[in-house]
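Okay, so here's the structure we're looking at.
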Amino acid sequence: MLRLPISEVRSDLEKKFIKNRITILVGETGSGKSTQVPQFISSLNNGKERIAVTQPRRVAAINLAKRVAEETKTTLGQDVGYSVRFQNMSSPKTKIKYLTDGMLLRELLLNTNLDQYTTIILDEAHERTIVTDLLMGFLKTLLRKRNDLRLIVMSATLDADKFRRFFDGAEVLYVQGRRFPVQRYYLSKPVEDIVDATVRTAIQIHTGEPMGDILAFLAGQEDIDKAVDLLNDIIENLPKGVPDLVALPLYAALPQQQQLKVFEKVPGNKRKIILATNIAETSLTISGVRFVIDGGTHKVKIWRHDLGLDSLLTMPISKSNAAQRMGRAGREAAGKCYRLYTENDYHGLRSQSEPEIERCDVAFPILTLKLVGVTDILGWNWLERPSKGAILSALTQLYVLKALDDEGQITGLGKKMAVLPLPPHLSAALLDAHQKGISDPVLDIVSCLSIENLIMNPHPDKRDGVNEKRLPFITASGGMGDLIVLRNYVQHYRSLLSSEDRKVWCKELFINYRAMSNVEDIRKQLQIYLKAGNGSRQPEDSADQFGPSTLNEQIIQCFLKGFVGNTALSLPGRTYRTIAGGHTINIHPSSSVFGKKVDAIMYTEYIFTTKAYARNVSPIDLEWLQRIAPHFLSRRTAANDY
DNA sequence: GAGCACTGC
C-alpha cells in the first residue's frame, strides 16, 4: 500500500476519477483531502463540474467552504459555498458546495436524481452516521440510473475495505497524513478507579514533563466533575517551584461560556488540563495539547427495540477511537499518549465502534426509504442492515402512527411526516395539532423537544435557588406535566422583549440561552413546512370538536397520538408499569410529576441509566387513551393474556 | 431522589 501526500496523489486521482465512476480515497487527518480533492475535480472538465461535499457536522461544512473560498480567491457563496440548516451560502452557479449529510439527504428527497450535481463526495464516511449510510445506499442505485454521475467516498484508514466491497470492488487510493509522532504508554495492570488514575497520571505529567497542555478523556459529566474537584484540591497544595495547573471540564451540556474557557490562553507559566468527553475527539479541536490521557471508555446510547427503551451505558472505546484520541497529542508537535488500560486490553478492543444504524431506532430511516418508494426494506442496499427485529419494530411503530397502511405502503400522513425535520413521533403529534387547529402551542413544545441541553442541570450548590425560580412555571402548568412547563418557559421567554432581559432570565433559571434562540429558529422552519405541506388552518374550527377539554388537555392529546406506545399505569409505590411491554418504569426526579401520584402517564423519552426512567412526563386520562388508541389497548390486553 | 455521549434536518 503506497501512501503519498495529497499533491502527489493528484494525477493518479484524476486518472482514476475519469476512468471510474466510484473512487474510494483513504486519508488520515491532516492530509488536506477535504479541501484539495474538490478543487482537483473542479479543475477538470472545463470547470463544468458541480460538486457536493458532505460533512457530518455543520461547523466543518462552514469552515471548509470558507477555507476553499480563500484558497481559490473567490467570494464565499459564489463558486464555493455551503448549505447547512438555517444557513445557505450558495447559488445555483456554485461549483463546490459543502453541505451537511442531512442537507444532501433532504435535497435527494426533493430531487431523487440529484441533477444539480455531477460529482458527490462523501467525506468522513468512516464515522458511519445514519445519514451517510443511507446516502451510500441511495447513491449506489442512482449511479446505475445516471451515468454522468461520479462518487468519491473519503474515509479514515481502517474500514476502506467495507466500502470497496459495497461498491463492487471500486479502486482505493491512499493519502498520507501530516502528523507528528506520538509516544504511547500502557498500564502494566488494569486500574479500578479511572478518575483516580487520570488525576495521578495528570500530576505525574505535570511534575515530570515539559510544558504543553493535557487533554484527558473520561466517559461522562459525573467522572469529569469529580476529577476536576480532585485536581483542584491537589493544585492548592502543589509544592513551591512547580508551575501552576488549571483544570477545566468540557462536555456538551456545559454552558457555552464555560466551554469557551478551554480555548483561552491561560496567563503566566501555567499548564491547562482539560477533562473532556468524546466531544474533544472529533467535534472540538484544542490547540496546545501535547499530552493525552485516554481513560478507554465512552458512553453509548443503544436502542433496545424489544423493550422500546434507550440505554445509555459506559462501554470500552474502539481502536479507531483510541487512534483518534492519541492523534490529538500530535497535531502541532511530537506528543505523548497515556492509555489507562493494558496493551493486552487494547488488542481486545474492536477495530471500529458499532455504526449508528445498528444501535439506534430506525423508524426515521425506514420512513425515508418508504417515501422514496423502496418496497423491499429487508432487501434494500444497506451498507449495514439493521437486524430484522429492529426493522420489524420500526415498521410496527410507523403502522401505529398511521404512517404506513395495512399493506406497509406509506400513507398520505406518512408522506407529510417524512418531510418534516423531526422524528416520526413528534411529526405525528404536530400534524395532529395542525389538523385540530392548535399547532401554535404544540410547535413551541415540539421545538423545545428537538433541542438538546435546553433545560440544564444546575450544580448541587445552586440547585435550590434555581428550582425556586422555576417553581412559578411549574405551578402555572396546573399539574399538567413537563410539556406544558416547557411551553410556559417559551412563552415567558418570548414575552421578554430585549435580548438582555432574555439572557438574564435564562441564566436565573439555568436555561441555555443559545439553545432557546435555536428553539425559535426551529419553530419558524417547522411552521413554514407545515403551511407548505398542509395549507394553513384556522384555530376556531377546533372548538366544537373538543367540547369541554381545556387547551392544555388538547395539547397532551395531540402528543398522545405520537406517543401511545410511551404510556404507563400506576403501580403501588412510586413506580409505573408500561402499557406496551409491562416493564417497570420510574419518573425521572427532574420531572414536575416526580413524587406525584397519578393514574397514568405519557412520556417522550424512556431511558435506562441507573434505572429505567421516563422523562418529559405528562399525566393522562385513561379515557383519552381508549379514545385515541383502542386498537393499541386491546392488542396489548390480548397479548398479556398469554 | 437523579446527575445523560455526540451529531443532524
Side-chain angles (χ1 to χ4, degrees), chain A residues 54-61 83-88 99-110 124 127-135 217-226 250-254 276-284 295 297-302 310-315 317 321 324 353 356 359-360 364-365 367-368 417-424 426-427 447 450-460 462-463 467 510 518 521-522 525-526 528-529 573-575 586-591 593-596 605 607-615:
Chain A
T54 68
Q55 294 294 323
R57 279 168 292 278
R58 294 161 50 96
V59 265
S83 172
V84 299
R85 191 178 191 178
F86 306 127
Q87 283 183 59
N88 185 5
L99 23 62
T100 42
D101 46 17
M103 211 61 192
L104 187 66
L105 184 63
R106 186 150 283 275
E107 291 188 357
L108 191 123
L109 296 181
L110 297 175
E124 313 284 9
E127 287 195 23
R128 302 293 309 276
T129 67
I130 287 180
V131 177
T132 313
D133 272 22
L134 287 181
L135 284 172
F217 288 97
L218 287 167
Q221 180 175 345
E222 198 183 354
D223 282 356
I224 289 172
D225 288 345
K226 226 192 284 175
L250 178 65
Y251 40 82
L254 207 63
T277 59
N278 42 1
I279 192 172
E281 209 176 287
T282 45
S283 303
L284 297 180
T297 58
H298 57 180
K299 288 200 178 179
V300 185
K301 205 173 199 174
I302 296 168
D310 262 323
S311 28
L312 193 61
L313 306 171
T314 302
M315 310 263 276
I317 57 170
N321 295 129
Q324 182 71 28
S353 292
E356 214 182 6
R359 53 180 175 81
C360 289
F364 158 76
L367 187 60
T368 308
M417 283 168 58
V419 294
L420 285 174
L422 290 172
L426 288 179
S427 293
S447 305
S450 319
I451 297 268
E452 290 291 315
N453 304 318
L454 175 65
I455 312 296
M456 299 183 290
N457 289 330
H459 196 270
K462 293 182 182 162
R463 192 178 51 194
N467 282 346
F510 217 59
N518 225 339
D521 286 340
I522 288 180
Q525 191 186 41
L526 289 174
I528 291 168
Y529 277 118
R574 293 175 173 280
T575 58
N586 305 272
I587 294 178
H588 195 273
S590 65
S591 167
V593 191
F594 180 78
K596 304 217 165 67
E605 217 185 327
I607 186 160
F608 184 94
T609 51
T610 51
K611 276 192 216 170
Y613 285 109
R615 307 201 70 198

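Quick note on labels: first sequence line is chain A, next is B, and so on, each numbered from 1. The shown structure was predicted, so the numbers you read here are calculated from the model rather than taken from an experiment.
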Considering every strand and a 4.0 Å limit on heavy-atom distances, what is the contact class for [X]: base, sugar-phosphate, or nothing?
X	value
A/Arg128	nothing
A/Thr129	nothing
A/Thr314	nothing
A/Ile279	sugar-phosphate
A/Glu452	base
A/Arg85	base

Does A/Arg463 count as lying over the ring of A/Phe510, i.e. NZ or CZ under 6.0 Å from the six-ring centre, within 45 degrees of the axis? no

Quick check on DNA chain B: between A/Thr277 and A/Leu420, whose nearest nucleotide comes earlier from the 5' end? A/Thr277

Let me spell it out: for each of A/Tyr529 and A/Leu250, pick the nucleotide of DNA chain B with the closest heavy atom. Which residue's pick is nearer the 5' end? A/Leu250

Answer yes if the side chains of A/Ser590 and A/Asn457 hold a donor-acceptor pair under 3.5 Å, and no otherwise. no

Contacts of A/Arg85 meeting salt bridge (charged side-chain N to carboxylate O under 4.0 Å, His left out) (sequence neighbours excluded), chain-then-number -> none

Could you work out, with salt bridge (charged side-chain N to carboxylate O under 4.0 Å, His left out) as the rule, every residue matching A/Asp133, not counting sequence neighbours? A/Arg128

Using a heavy-atom cut-off of 4.0 Å to chain A, what are the terminal contacting nucleotides of DNA chain B, in 5' to 3' order? B/dG1 to B/dC9

Only residue of A/Leu108, A/Ile130, A/Leu109 satisfying side-chain contact (heavy atoms from CB on, under 4.5 Å) with A/Thr368 is A/Leu109

Partner of A/Gln221 by side-chain contact (heavy atoms from CB on, under 4.5 Å), out of A/Asp223, A/Asp225, A/Leu218, A/Ile224: A/Asp225

